[in-house]
Amino acid sequence: MAIGYITRIERFSSAHRLNVPQLSKEENFEIFGKCNHINGHGHNYTLKVTVKGTINPVTGMIVNISDLKAWIKEDVMQHLDHKNIDLDVEYFHSKAR
């Protein structure tokens, strides 16, 4: 059986703020710089998902690319794209806030 790889690349933008409440404004800025801005700081990200698998002899596919695109949208993009990850994404919530 032939093994193949397929990679899907998505790009998204998110914002965050690096801040330690126990430190002063000055200390936070010295450590985190522009990532400590009071209103957050944004980044552009590139996500690469590679799937390895047996090539289906009938379809020639490892995975249906439409399914892969939908999974990425559901599991990553809808949670992170154009979000403030500190405020909008539960996984990144800090217990110190």
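Under a 3.5 Å cut-off, the side chain of Glu30 and the backbone N or O of Glu26 do not form any donor-acceptor pair. The backbone N or O of Ile31 sits nowhere less than 3.5 Å from a side-chain atom of Asn36 that would complete a donor-acceptor pair. Judged purely by atom type and a 3.5 angstrom limit, Arg17 uses its side chain to pair as donor or acceptor with the backbone of His37. Proximity of a side-chain donor or acceptor of His79 to a complementary backbone N or O of Glu74 within less than 3.5 Å is detected.
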*Please test Trp71 against Val76 for side chain to side chain contact (heavy atoms under 4.5 Å, CB included), starting from the C-alpha separation and ending with a verdict.*
CA-CA 8 Å; Trp71 298 330; Val76 178; over 6 Å; no

*Please lay out, stage by stage, how Lys69 and Glu10 fare under the test side chain to side chain contact (heavy atoms under 4.5 Å, CB included).*
CA-CA 9 Å; Lys69 183 178 178 179; Glu10 295 282 351; 4.2 Å; yes

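One finds no salt bridge joining Lys25 and Glu27 here, because no Lys/Arg side-chain nitrogen approaches an Asp/Glu carboxylate oxygen to under 4.0 Å.
Atom-to-atom distance recorded for Asp86:CG and Leu18:CG is 7.5 Å, nearest 0.5 angstrom. If you take NZ on Lys83 and OG on Ser14, they are separated by 9.0 Å, rounding to the nearest 0.5 Å. With rounding to the nearest 0.5 Å, the separation of CG in Asn56 from CE in Met61 is 7.0 Å.
Using a 4.5 Å cut-off between side-chain heavy atoms of Ile, Leu, Val, Met, Phe, Trp and Tyr, with links allowed through other members, Val89 and Tyr45 fall into the same hydrophobic cluster. Hydrophobic clustering (side-chain heavy atoms under 4.5 Å, transitive across Ile, Leu, Val, Met, Phe, Trp, Tyr) groups Leu47 together with Leu68. Note on Ile65: it does not cluster hydrophobically with Tyr5, by side-chain heavy-atom contacts below 4.5 Å among ILVMFWY residues.
Val20 places a side-chain heavy atom less than 4.5 Å from the side chain of Asn28. Contact of the Val49 side chain with the Ile72 side chain is registered, since non-hydrogen atoms from C-beta on lie closer than 4.5 Å. The shortest distance between side-chain heavy atoms of Arg11 and Ile9 falls below 4.5 Å. With contacts defined as side-chain heavy-atom distances shorter than 4.5 Å, the pair Ile62/Thr54 does not qualify.
Nearest heavy atoms, Leu80 versus Phe92: CD2-CE1, 4.2 Å.
Between His16 and His43, the ring planes are parallel. Angles under 30° get that label, and only those over 60° would be called perpendicular.
Heavy-atom contacts from other residues, nucleotides or ligands closer than 6.0 Å to CZ of Phe29 number 12 or fewer.
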